[in-house]
Amino acid sequence: MPTDTESRLDRLEIRLTEQEAVIDDLNATITAQWRKIDLLVRQVQKLTEQLEEAAIRAPSGLPEPPPPHY
């Protein structure tokens with residue numbers, strides 16, 4: 001029959017194992033999120049560059065016509 005100390009130690013070991021699994025899962029999730037964030041940042045930078053290039057190529061000095069709902 002296990003003693004109280006052995007039972008406590010067993011519960012602590014089980015808890016530690018479960019916490020390690022949760023930490024591993026969280027680490028994997030965070031790593032995936034950082035990859036996605038990095039991809040999105042690069043996409044925004046590319047779109048910003050494309051927008052700036054389009055603005056440079058657009059004829060300047062001509063006012064934009066108002067939207068159709070005006």
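Just the heavy atoms: all of them, side chains too, but no hydrogens, waters or symmetry mates, feed the values below.
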Worksheet item: Linking I/L/V/M/F/W/Y whenever any side-chain heavy atoms sit under 4.5 Å apart, do I30 and V41 land together?
Response: yes

Worksheet item: Does any non-hydrogen side-chain atom of L9 lie less than 4.5 Å from one of T5?
Response: no

Discussion item. A side-chain contact here means heavy atoms from C-beta on lying under 4.5 Å apart; do L39 and Q43 qualify?
Written reply: yes

Worksheet item: According to the salt bridge (Lys or Arg N to Asp or Glu O under 4.0 Å) rule, which pairs have a member within residues 25-39, sequence neighbours left out?
Response: D38-R42

Worksheet item: Can you check whether D10 reaches E13 side chain to side chain, under 4.5 Å on heavy atoms?
Response: yes

Worksheet, complete the sentence: CD of E18 to CZ of R15, rounded to nearest 0.5 Å, is 9.0 Å

Practice prompt. Under the side chain to side chain contact (heavy atoms under 4.5 Å, CB included) rule, collect the residues that match up with T48, sequence neighbours excluded.
Written response: V44, E52

